[in-house]
Amino acid sequence: MAEDAPRFKPYDHPAGGWGAAAATAKVLLEQSVVTKGSRALLSMNQPGGFKCPSCAFPDADCKKTLEFCENGAKALAHEATKFRVTRDFFAQHTVTELMEKSDYWLEMQGRLTEPMRYDAASDRYVPIGWDAAFALIGKHLRALESPDEAEFYTSGRTPNEAAFLYSIMVRQFGTNNFPDCSNMCHEPTSRGLPPAIGVGKGTVVLEDFEHAEAIFVIGQNTGTNSPRMMTNLVEARKRGVPIVAVNPMPERALIRFTEPQDIVQMATFGSTPIASEFVHIRIGGDLALIKGIMKVMFEREAQGEAVLDHAFLAEHTAGMEAVRDEVMALDWRDIVEHAGIEEAQIRRCAEIYIRSKATIICYGMGLTQHQFGSRLLQQVASLLLLRGNYGKPGAGISPIRGHSNVQGDRTVGIDEKPSQKYLDRVRDVFGFEPPREHGHHTVESVEAMIAGTAKVFIGLGGNFVRAIPDTERSYEAMSKLALTVGIATKLNRGHLVHGKDALILPVVARSERIETSHGEQFVTIEDSMSNVTASRGVLAPASPDLKPEVEIVCRMAMAALPESRIPWESYIHDYGLIRDKIAEVYPEIYEGFSERIKEPRGFHLDIPPRRLVWPTPNGKANFLLLPGLDVNEPIADPAMLRLATVRSHDQFNTTIYSYNDRYRGVYNDRMVLFMNEEDRIARGIAPRAQVALETISRDGVRRRVEALTVIDYPMSRGAVAGYYPELNPLLPLDYYDRISGTPAAKSIPVRVVAA
């Protein structure tokens with residue numbers, strides 16, 4: 001817990017502004033990097049500099065001297081910190097002792113400095129040389145009875161070059177087991193959109209925000225998860241563009257925002273109202289809203305009004321009639337009940353959509369993390385099709401992804417279900433036959449650990465054990481492994497929940513220079529709008545004993561595959577050779593990679609729907625059915641509430657920067673439950689009472705989290721929210737979207753019980 005007493009104070013100011021400026025200064029001071037960090041911030045997201053290690057939102061076209069946000073500054077400050085985790089630190093603490101520390105405490109200890117190996121006799125991590133570490137990895141991998149006994153995890157911070165080589169190494173080793181951070185967030189985008197529009201990515205570029213006539217932001221807390229996007233929303237509102245924000249809990253930045261770089265606003269304490277329409281949806285009510293908007297459109301068409309883009313629909317789409325018939329058969333009372341809002345508001349949203357000649361729909365994990373998340377996104381795609389909102393300026397579908405290169409990793413091969421075309425290209429370029437069977441996504445990898453069929457886990461970045469569901473069972477499963485390897489910049493829980501053998505391998509950070517025998521190297525990153533740009537670190541590495549991700553991957557490959565003819569040693573020194581191979585495997589989108597990346601702003605990967613080309617089996621954009629109004633399996637329990645696990649503002653994924661959540665008014669505490677006041681009163685719960693949450697599940701496993709302080713918050717009725725990873729123990733491993741494998745963390749069925 002935090003050292004100071006918990007405090008709850010509603011936040012009534014605009015998001016951003018002086019609060020963001022003060023938070024940026026504070027974190028640089030806390031990490032003792034005011035001078036160093038300030039200089040590095042001037043290079044972040046700029047040509048010739050490095051890409052933000054935080055979110056995946058694109059950079060503007062150098063219109064600003066400072067192209068970073070508060071949370072990007074926090075990520076950099078914690079990466080550039082002066083604090084170090086040395087061999088002396090590990091000598092002072094057993095792993096058992098460290099397990100009692102909080103995630104925040106672990107984060108605050110600083111940067112890892114040298115490779116470490118777990119010593120069971122002393123219950124401590126002890127130093128190990130790099131050569132011995134790679135030899136241990138090779139020994140374990142070569143000893144497996146089957147390559148499928150190993151799980152190879154990838155974090156979204158991994159750059160394209162390392163991720164590509166990792167995918168080749170693992171496939172030459174003989175498996176497609178690629179649990180990935182995308183599995184837990186935007187995998188429904190990757191799996192749900194291709195049958196609809198032919199690609200598993202968004203179709204919008206940054207310039208489209210300048211031409212949009214309406215913007216819908218659904219299930220996404222922009223001010224915390226992608227704050228640089230707020231600039232685009234502010235500019236749109238100043239032009240009079242309606243912005244519809246859809247969420248079960250109001251988020252401050254989507255209500256009112258002050259741009260920290262707007263000198264006039266800062267000087268006058270001004271701000272910009274953002275949402276012209278706030279839709280206070282029920283958890284899971286998004287499908288009802290979408291179908292309600294569709295129903296309004298079909299009703300008006302039936303009355304003789306032309307609101308659909310008939311020419312576009314006739315030329316480019318298939319299947320609309322079945323969707324129309326299904327939607328028209330829905331009763332308005334059911335739509336309103338499932339959405340949790342009034343019919344009049346649905347009709348207002350429909351009017352905004354109909355009047356707009358160019359609409360962008362942005363979404364986050366509020367849509368993806370449901371049991372039918374992939375199919376829900378197909379309905380979003382269908383809504384856009386009805387008015388031809390593809391292939392023209394200011395229009396399209398825009399998943400706002402989280403981690404900085406999570407989309408790029410998928411593009412260059414981190415995929416447990418690779419296409420046969422891709423595998424053929426790997427065979428032809430690298431001269432080995434890759435495995436053709438599908439591998440494990442995240443949930444399947446944990447299931448394999450529980451079953452004892454997984455023996456080795458290698459984590460290329462991230463904090464796997466804190467990100468995954470069913471915490472207690474997952475901890476037990478990870479502890480059964482023969483070897484766990486954590487490749488990371490900072491100490492985290494994943495290094496403490498370990499196998500019989502365990503390694504911590506410290507890596508050069510995104511903001512740090514990479515020097516090889518061929519001189520300074522750079523890596524590349526793909527943002528959430530398919531722009532690929534170079535990233536060159538500007539800081540000295542935190543320790544001389546760190547290695548870049550590319551070298552670590554190559555050295556693991558050399559240890560595990562001693563007979564490999566792939567020139568791994570060459571790739572360690574010259575990253576241009578890696579980009580040449582990426583271009584060979586992906587000639588359609590990466591042809592001329594080495595030349596194109598010389599452009600200061602990089603280049604955009606081709607997204608066929610922007611050209612009104614649909615890479616689907618029938619060559620059309622497809623309307624796909626999701627019958628009914630539920631995005632999760634219905635549960636008949638009158639006491640049930642739907643729990644959404646969320647980030648605090650001082651958090652990035654599983655990394656906890658502080659115990660505060662400024663915009664929600666929470667200070668010095670993370671064990672809280674945001675609850676509608678009427679729901680609280682109906683259950684006889686006193687204000688600020690401590691309660692427990694229990695999962696309503698069908699597998700007989702009791703899942704319970706204690707000591708949560710109830711905070712009255714303007715949640716929609718029937719919805720509660722709390723922070724992850726603290727509430728991950730309530731999320732059953734088997735509660736996930738069957739198409740994508742993504743856990744349904746935004747709709748966990750729970751009941752409130754006495755603490």
Side-chain angles (χ1 to χ4, degrees), residues 1-12 100 102-105 221 224 247-252 280-285 340 366 469-472 635-651 656 658-697 701-732 735 744-755:
M1 290 297 296
E3 293 181 359
D4 298 324
R7 183 165 57 91
F8 311 108
K9 182 181 179 182
Y11 188 89
D12 298 323
E100 297 301 314
S102 69
D103 294 315
Y104 170 70
W105 188 91
N221 180 9
T224 289
N247 215 44
M249 58 192 309
E251 299 293 6
R252 194 65 200 165
H280 204 185
I281 205 84
R282 284 181 56 202
I283 283 183
D470 235 340
T471 304
E472 186 175 335
I635 293 177
D637 188 323
M640 184 192 72
L641 297 166
R642 289 280 182 184
L643 167 69
T645 61
V646 298
R647 292 183 194 172
S648 75
H649 188 63
D650 267 10
Q651 175 180 357
I656 312 301
S658 85
Y659 287 95
N660 300 334
D661 190 358
R662 185 169 79 246
Y663 295 150
R664 298 190 184 113
V666 178
Y667 299 89
N668 307 318
D669 200 2
R670 289 182 56 82
M671 297 301 290
V672 301
L673 183 67
F674 299 102
M675 192 173 189
N676 181 286
E677 183 180 14
E678 294 180 35
D679 285 333
R680 174 182 62 75
I681 293 171
R683 286 161 176 77
I685 301 170
R688 305 283 167 84
Q690 283 208 343
V691 299
L693 277 186
E694 288 186 351
T695 305
I696 301 171
S697 52
V701 176
R702 188 188 189 211
R703 297 176 177 87
R704 181 179 172 109
V705 171
E706 298 277 359
L708 294 166
T709 301
V710 173
I711 297 177
D712 288 343
Y713 202 80
M715 304 292 301
S716 61
R717 288 298 303 269
V720 290
Y723 300 125
Y724 72 85
E726 287 84 356
L727 297 189
N728 281 1
L730 296 168
L731 179 55
Y735 190 65
K746 291 295 185 287
S747 57
I748 307 170
V750 296
R751 63 172 66 91
V752 180
V753 295

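From a predicted model like this one, the values you see are computed outputs, not experimental measurements.
Judged by distance alone, with hydrogens and angles left aside, the side-chain atoms of Lys9 form no donor-acceptor pair with the main-chain N or O of Val666 at under 3.5 Å. Proximity of a side-chain donor or acceptor of Asp679 to a complementary backbone N or O of Gly718 within less than 3.5 Å is detected. In this structure, the side chain of Asn660 does not engage the main chain of Arg662 through any donor-acceptor pair within 3.5 Å. No donor-acceptor distance shorter than 3.5 angstrom exists from the side chain of Arg282 to the backbone of Ala719, with no hydrogens or angles considered. Within the 3.5 Å criterion, the main-chain N or O of Arg7 finds no donor-acceptor partner in the side chain of Asn668. Put simply, the side chain of Arg688 never gets that close to the backbone of Asp712: no donor and acceptor are under 3.5 Å apart.
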I'd like to know whether Val752 forms a side-chain contact (heavy atoms from CB on, under 4.5 Å) with Met675, so could you lay out the CA-CA distance, the side-chain angles of the two residues, the decisive distance to 0.1 Å, and finally the verdict. CA-CA 10 Å; Val752 180; Met675 192 173 189; 4.1 Å; yes

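Atom CD1 of Ile635 sits about 6.0 Å away from atom CD1 of Ile696, to the nearest 0.5 Å. Here CG of Asn728 is found 9.5 Å from CG of Asp470. Values are rounded to the nearest 0.5 Å. Atoms CD and CZ, from Glu678 and Arg683 in turn, are 11.5 Å apart once rounded to the nearest 0.5 Å. If you take CZ on Arg680 and CE on Met715, they are separated by 14.5 Å, rounding to the nearest 0.5 Å. From Asn221, atom CG reaches atom CZ of Arg647 across 9.0 Å, with rounding to the nearest 0.5 Å. Rounded to the nearest 0.5 Å, atoms CD (Glu726) and CG (Leu708) are 9.5 Å apart.
Here the options are Leu693, Leu641, Val705, the test is side chain to side chain contact (heavy atoms under 4.5 Å, CB included), and the partner is Leu673; only Leu693 passes.
The shortest non-hydrogen separation linking Pro725 to Gln651 is CD-NE2, 4.1 Å. The minimum heavy-atom distance between Arg642 and Ser747, with the atom names listed, is NH1-O, 2.8 Å. Taking every heavy atom of both residues into account, Ile283 and Pro248 meet most closely at CG1-CG, 3.7 Å. What you find for Pro469 and Leu731 is that their closest heavy atoms are CB-O, 3.3 Å. Among all heavy-atom pairs drawn from Pro250 and His280, the shortest one is CD-NE2, 3.9 Å. Scanning all heavy atoms of the two residues, the minimum distance from Trp105 to Ser102 falls at N-OG, 3.0 Å.
Using bins of under 30°, 30° to 60° and over 60° for the plane-to-plane angle, the ring pair His649/Tyr663 lands in the tilted bin.
Residues satisfying the salt bridge (charged side-chain N to carboxylate O under 4.0 Å, His left out) criterion with Arg704, sequence neighbours excluded, are Glu694, Glu706. Take Arg664 and apply the salt bridge (charged side-chain N to carboxylate O under 4.0 Å, His left out) test, not counting sequence neighbours, and it matches Glu251, Asp661.
Residues Tyr659 and Asp669 have side chains not in contact (no heavy-atom distance under 4.5 Å, counting atoms from C-beta outward). Side-chain contact between Val701 and Glu472 is absent, with no heavy atoms from C-beta onward closer than 4.5 Å. The shortest distance between side-chain heavy atoms of Tyr723 and Val646 falls below 4.5 Å.
When only modelled atom types and interatomic distance are considered, Thr695 and Tyr735 share no side-chain donor-acceptor pair under 3.5 Å. If you check the side chains of Ser697 and Arg703, you find a donor sitting under 3.5 Å from an acceptor.
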